[in-house]
Each structure stands twice: as C-alpha cells, then as structure tokens.
Amino acid sequence: MNCQVHHLPELESATSHVREALQAILHTILFIRSPGPVAPHDVHCESFRTTYTRIAMDNDPPPLQRSPSSGYNNYNRQQQQQQQKSDLDRKVDDSIETFLRSLIPIGPELMAGCLTLSFFERRAKNKLFGLVHQEEKVVWEQWFLRVVVNNTPRPMGGDEASVIERQRIQDTAEGMLKAVLYRVFELAGNEIDHIPSVMYDFEINNAKKPDDRDEVYSRVSNMPALINLG
C-alpha cells in the first residue's frame, strides 16, 4: 500500500494560542478522515475568529454564546470541556502536550518542531510457518505540519501603536491558521483511493529530522524584525 504524504503550510503562533490552533487543525483532519459516518460538531475558537468542525461526541457541551465583554462564557466552556473530555479529545490533547514538550529552540523566544499525524491500519502477520502471530501497522497517509511557537511578549500598552501591533499579531496568526485549514480541505479531497475500507487508527508524533533546526533557524534569521508573534 502506498502512503500518501501531505505537507501543510507552516504555522506560527503564540504560546497561549498554539494549543487551540493545533486542536483546530488536528480535529479538522480527523473529522474528514473519520472511518465511517460521524456527526459534525462545530467549535468556535476562543483565540481566533474562526470555526472548525470536529467529530461530535455524546458528551459534547452545547454551544455557548460568545461574549467579548465578559469572560464568564469562556470560563464556563473550559469547565465543561475539562469535565467532559472524550477519549478522542484526551488522545489529541495528550499528543499536543507531548509534542510541545519536544520543541527545540531556534532563536530568541522561538521554539519549533514538526508535527506528524499518521493514519494506519492494523494487519495480522504470521511468521515461522504461521506458528507466530504478530500485528503490524501499515501507514497509508501522513500529514506534516511545521510549528513555530513564539514567546515574544506582546505590547500591552493602550497607546495607538500598541493597539495596532496587537491587532497585526492577531491577524497574522489567524491568517496562518486559516491557510493551514484551507490547505487541509484541498489536499483531503484530491485523492481518496488509498483510504482503506476497514477500520483504522491514527497517531500523532514529533517528526525529528537532522536538518530541522538549521532550516528553521535560517528562515527566522532572514525574517524581517517586524514579524514577531507574541
């Protein structure tokens, strides 16, 4: 079986927002590649002005009214999500935390890594004249996403320059997230013949390559000083 490999646009995000951005990307792919029919559940991002669709679970909380003037709804949503996490949520969230702990420094206030989402099926494998039974994982699709986490402090002043800079940072982060999601939709629909008809599973890892650090450092060192996400 041939393995389809998809490379997504690079995502750069602040530490406080990167988890939600990765959740949006991973759950979108998992929804599109879900084995069998599933119900959709729309999730409104708290850190970004965008909505993504994930696989609906029986314990999903009902949508809450977003209120930009009050933090109550956000807090209530976080409490519900913490209390009612599904096995899928835990697997995705635990993988994100493991990935973030594996990031390497590439410059002042910058960390980076390459996230890999792999889909595979399990096949029985017999050895020694069929006397030994083993199980092997056959990967049929992989998604690669380079992630840069920026810890640069955001300007907190109330002056016009600080307000404009905060908005620019927010717009840039949202634009990068939406570019990744759009690319997911494009790639997911190109070829589907490789998707197996049997039940399959997924895993999320950090794809380490010997030249990862050098490539990202070169990109960052040549980046204009204006582009800093905090």
Just checking, is any N or O donor in the side chain of Asn150 or Glu109 under 3.5 Å from an acceptor N or O on the other one?
no
Please report the shortest heavy-atom distance between Cys114 and Asn206, naming the atom on each side.
O-OD1, 3.0 Å
Can you confirm whether Arg19 sits close enough to Glu97 that some side-chain heavy atom of one is under 4.5 Å from a side-chain heavy atom of the other?
yes
Pair Glu165, Arg154 - check salt bridge (Lys or Arg N to Asp or Glu O under 4.0 Å), show working.
CA-CA 8 Å; Glu165 178 63 8; Arg154 301 195 342 169; over 6 Å; no
Compute the centroid of each ring, for His6 and then for Phe144, and state whether the two points are separated by less than 6.0 Å.
no
Which residues satisfy the side chain to side chain contact (heavy atoms under 4.5 Å, CB included) test with Asn205, sequence neighbours excluded?
Glu203
When you check the side-chain N and O atoms of Asp42 and Thr51, is any donor under 3.5 Å from an acceptor?
no
Closest heavy-atom pair and its distance - Leu177, Ala21
CD1-O, 3.8 Å
If you count every heavy atom of other residues, nucleotides or ligands that lies below 6.0 Å from Glu186 atom CD, does the total exceed 12?
yes
Does the Glu121 side chain pair with the main chain of Val139, one donor and one acceptor, at a distance under 3.5 Å?
no
Rounded to the nearest 0.5 Å, what separates atom CG in Leu117 from atom CZ in Phe99?
12.0 Å
CG of Leu11 to CG of Leu115, rounded to nearest 0.5 Å, is 10.0 Å
Decide yes or no on side-chain hydrogen bond (donor to acceptor under 3.5 Å, both in side chains) for Gln142 and Thr116, but give the supporting numbers first.
CA-CA 7 Å; Gln142 288 185 310; Thr116 305; 5.9 Å; no
Contacts of Asn190 that satisfy side chain to side chain donor-acceptor pair (under 3.5 Å) - sequence neighbours left out:
none
Would you check if Ile169 and Thr172 make a side-chain contact, meaning some heavy-atom pair closer than 4.5 Å?
no
Heavy atoms, side chains only, cut-off 4.5 Å: are His27 and Val92 in contact?
yes
Count the heavy atoms of every other residue, nucleotide or ligand shown that sit under 6.0 Å from CD1 of Ile195, and state whether that count exceeds 12.
yes
Could you check if a side-chain atom of Ile96 sits within less than 4.5 angstrom of a side-chain atom of Leu26, using non-hydrogen atoms only?
yes
Does a side-chain heavy-atom distance below 4.5 Å link Ile25 with Leu181?
yes
Test your reading of the model: is there a side-chain donor-acceptor pair from Gln170 to the backbone of Ser47, 3.5 Å cut-off?
yes
Give a yes or no on whether the backbone of Ala188 and the side-chain of Arg33 come within a donor-acceptor separation of less than 3.5 Å.
yes
Spell out, as yes or no, whether a donor-acceptor pair under 3.5 Å connects the side chain of Ser162 to the backbone of Gly158.
no
What distance separates Cys45 SG from Tyr52 OH, expressed to the nearest 0.5 Å?
5.5 Å
Between Asp89 and Arg54, does any side-chain N to carboxylate O distance fall below 4.0 Å?
yes
With the threshold set at 4.0 Å, does a side-chain nitrogen-carboxylate oxygen contact exist between Arg122 and Glu135?
yes
Angle class for the Tyr200/Phe119 ring planes (parallel below 30°, perpendicular above 60°, tilted otherwise)?
perpendicular
Asn151 vs Leu110 side-chain heavy atoms within contact, under 4.5 Å
no
Going from CD1 on Ile204 to OG1 on Thr98, what distance comes out if it is rounded to the nearest 0.5 angstrom?
9.5 Å
Nearest non-hydrogen partners of Gly113 and Leu103, listed with the distance
N-CD2, 3.5 Å
Heavy-atom distance under 4.5 Å between the side chains of Asp201 and Lys91, does that happen here?
yes
Roughly how far, to the nearest 0.5 Å, is the CG atom of Asp193 from the CD atom of Gln4?
9.0 Å
Qualifying residues under salt bridge (charged side-chain N to carboxylate O under 4.0 Å, His left out), relative to Asp171, sequence neighbours excluded
Arg49
Between Lys178 (side chain) and Ala173 (backbone), is there a donor-acceptor pair under 3.5 Å?
no
Strictly distance-based, threshold 3.5 Å: is any side-chain N or O of Arg166 a donor or acceptor partner for the main-chain N or O of Pro155?
yes
Validation row: Thr53, Ile32 side chains within 4.5 angstrom (heavy atoms)
no
What's the separation between atom CH2 in Trp143 and atom OG in Ser118, rounded to the nearest 0.5 Å?
12.0 Å
Full working for side-chain contact (heavy atoms from CB on, under 4.5 Å) between Val148 and Glu10
CA-CA 8 Å; Val148 177; Glu10 183 178 273; 3.9 Å; yes
